[in-house]
Amino acid sequence: MSNRANVGGWLKGKTVRKGGITSNAHTARSSTPQVQSTSSTLFSGGVKDASGRTTEYFSMDDQCPVCKSDRYLNPKLRLLVSSCYHKMCESCIDRLFTLGPAPCPICQKVLRKLAFTPQTFEDLTVEKEIAVRRRIAKEFNKRREDFIDLRSYNDYLEEVEDITFNLINDVDIPQTEARILAHRQENAALIELNVQREEQYAQALKEQEELERQEKEHRALELRREQEIEREERETAQREIIDRLETSTKSAAKVIAKSRAEAMKRSSARSTTTTVLRSSAQLLRARAAQSTVVPDPPHVPLQDDWYAYEDLYTVRDQYDDMYSDAVRKDREGIMRAGGYRVEEAWDRALRCAVAGLDLAPLSGLNPSPGRTDSVVTSA
């Protein structure tokens, strides 16, 4: 037992914190010395922002492939990723690329110092795929409405995936880059138009989020205001009850009941007014939201071969039509409001009259018992 009392502090549960300060933990709990990290840094996880998203990944096992430096020798080691997706520490980057472009020590690709970026994902293959897909999404940004049919759109998506696969896996890079350049030159105007559409959509989404935030703040403010009004009314009602009890000759129960009834009436009136105001505000916000996003579908004219029987009749200028006399005699044009024309009514009547002339007469129908009219049969 005496020997155990003289062992190292790490068996007693002492934790080595940042700055060299030690603290005794529970005597029954033992742990090895460990360094306490800051709130924004996770070892073997990376640096995270306020939303909890990893903005820069690193691990305690990181090692520079050029100078072989690791975190054990350099706790402040920071590895950056090049455009060829090889990692190097900041010291090697400054030493190799400060004077200008230089070949990569691993694959001999010419690199620049500004081309190095922090690593976001643990797997560099995922890092490369994300970067390639971001680049392709800017060049190949056509939509479904840009194609005449679904088959053409699916072929376009398949072509985009083929190009993405080639860039990710370094397959036929010169031919793939030539395909990208040809697509950019052929569809420059459409690419720019879709970019503007995306910007407008993002702006509309941002405005919608801002409106929702303002509405939430407004509701919170209204709720606080209502609570304050209710508190003031309760205090006022209590004071009124006390004053009435001091001066009134009626019984206390009647005075309290009358005061409570008046308070309930005021509360219900205030609730009704608040509900009406909220309904009006919601209606105005709904109308504003509908007016901001107006659908603009393309106009497609009538393209089928529509036969209107124009060769079977001719519309004259005048007819002995008793039903349209009032319209034709209306000099002020009151009855022709909205663009009504008698000639259109005559044209529609004649078209309906000649529409069935090319149909065969009814045949094979027997007259019902008790009917005296005859059925027209075919000759």
Side-chain angles (χ1 to χ4, degrees), residues 32 34-98 101-142 154 156-181 183-184 195 198 202:
T32 56
Q34 52 184 330
V35 179
Q36 299 291 331
S37 63
T38 60
S39 59
S40 62
T41 304
L42 291 178
F43 292 97
S44 297
V47 180
K48 295 192 175 184
D49 56 8
S51 62
R53 182 180 59 183
T54 302
T55 57
E56 182 176 350
Y57 173 83
F58 63 84
S59 173
M60 293 299 294
D61 299 330
D62 286 341
Q63 184 183 37
C64 178
V66 180
C67 64
K68 306 302 180 182
S69 178
D70 55 12
R71 292 196 182 279
Y72 181 78
L73 299 176
N74 184 11
K76 297 182 178 179
L77 178 68
R78 187 187 184 200
L79 299 180
L80 300 178
V81 182
S82 65
S83 58
C84 57
Y85 298 96
H86 293 133
K87 294 192 290 185
M88 278 177 274
C89 65
E90 291 181 320
S91 300
C92 292
I93 294 173
D94 293 337
R95 176 172 53 86
L96 296 174
F97 303 100
T98 300
C104 174
I106 301 174
C107 65
Q108 303 304 316
K109 180 181 179 180
V110 178
L111 304 176
R112 297 178 180 273
K113 185 177 180 180
L114 297 178
F116 287 84
T117 57
Q119 181 180 354
T120 308
F121 300 93
E122 180 179 1
D123 190 356
L124 288 180
T125 305
V126 179
E127 192 90 22
K128 182 178 181 180
E129 181 175 355
I130 294 297
V132 169
R133 291 191 177 277
R134 285 177 178 172
R135 175 195 171 189
I136 296 300
K138 295 179 180 179
E139 302 289 346
F140 295 82
N141 58 357
K142 290 185 179 180
N154 290 333
Y156 166 77
L157 295 179
E158 185 176 358
E159 180 186 3
V160 172
E161 286 300 320
D162 290 341
I163 294 175
T164 304
F165 178 84
N166 292 343
L167 293 179
I168 293 175
N169 299 279
D170 297 331
V171 178
D172 298 333
I173 297 298
Q175 294 83 352
T176 305
E177 292 292 343
R179 292 170 62 183
I180 297 175
L181 179 60
H183 174 80
R184 185 189 306 121
V195 169
E198 290 294 335

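Model, not experiment: these values are computed from the prediction.
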- request: Would you check if I173 and N166 make a side-chain contact, meaning some heavy-atom pair closer than 4.5 Å?
  value: no

- request: Would you check if R135 and L167 make a side-chain contact, meaning some heavy-atom pair closer than 4.5 Å?
  value: yes

message: I'd like to know whether C64 forms a side-chain contact (heavy atoms from CB on, under 4.5 Å) with C92, so could you lay out the CA-CA distance, the side-chain angles of the two residues, the decisive distance to 0.1 Å, and finally the verdict.
response: CA-CA 9 Å; C64 178; C92 292; 3.8 Å; yes

query: Any side-chain heavy atom of E159 sitting closer than 4.5 Å to one from H183?
result: no

query: Do L80 and I93 have side-chain heavy atoms sitting under 4.5 Å apart?
result: yes

- request: Quick one: closest heavy-atom pair of A137 and N141, and the distance?
  value: O-CB, 3.5 Å

message: Quick test of your reading of the model: are D94 and K113 salt-bridged, counting only N-O distances below 4.0 Å?
response: yes

- prompt: In terms of side-chain geometry, is the basic nitrogen of K128 or D170 positioned less than 4.0 Å from the acidic oxygen of its partner?
  reply: yes

- line: Interatomic distance, CD1@I106 vs CG@L111, rounded to 0.5 Å, equals 9.5 Å

message: How close do A131 and Y85 get, counting heavy atoms only, and between which atoms?
response: CB-OH, 3.0 Å

- prompt: Is a side-chain N or O of Y156 found less than 3.5 angstrom from the main chain of K142, in a donor-acceptor match?
  reply: yes

message: Restricting to non-hydrogen atoms, name the atom on R71 and the atom on M60 that form the minimum distance, rounded to 0.1 Å.
response: CD-CA, 3.8 Å

- request: For Q175, look at atom CD and say whether over 12 heavy atoms of other residues, nucleotides or ligands are found less than 6.0 Å away.
  value: yes

message: Under a 3.5 Å distance rule, please check whether N154 uses its side chain to pair with a backbone N or O of L157 as donor and acceptor.
response: no

field: Heavy-atom check, side chain of C67 versus side chain of C89, under 4.5 Å
entry: yes

query: Counting N and O atoms only, with roles assigned by atom type, does the side chain of R78 sit under 3.5 Å from a partner on the main chain of E90, one being a donor and the other an acceptor?
result: no

- request: Taking the side chain as every heavy atom from C-beta outward, state whether K87 and L124 have any pair of such atoms under 4.5 Å apart.
  value: yes

message: Working note: F140 + I163, criterion side-chain contact (heavy atoms from CB on, under 4.5 Å); need CA distance, chi angles, decisive distance, verdict.
response: CA-CA 10 Å; F140 295 82; I163 294 175; 3.5 Å; yes

message: For the SG atom of C104 and the CE atom of M88, what is their distance to the nearest 0.5 Å?
response: 4.5 Å

Pairwise side-chain contact, I130 with R134, heavy-atom cut-off 4.5 Å (strictly under): yes

query: Do the non-hydrogen side-chain atoms of F116 and V81 ever get within less than 4.5 Å of each other?
result: no

- prompt: Can you name the one residue among I168, D162, N169 that meets side-chain contact (heavy atoms from CB on, under 4.5 Å) with F165?
  reply: N169

- request: Test side-chain contact (heavy atoms from CB on, under 4.5 Å) on T120 and E127 and set out the steps.
  value: CA-CA 7 Å; T120 308; E127 192 90 22; 3.6 Å; yes

message: Just checking R112: does its CZ atom have more than 12 heavy atoms from other residues, nucleotides or ligands closer to it than 6.0 angstrom?
response: no

- request: Could you walk me through whether V66 and H86 pass the side-chain contact (heavy atoms from CB on, under 4.5 Å) test, one step at a time?
  value: CA-CA 10 Å; V66 180; H86 293 133; over 6 Å; no

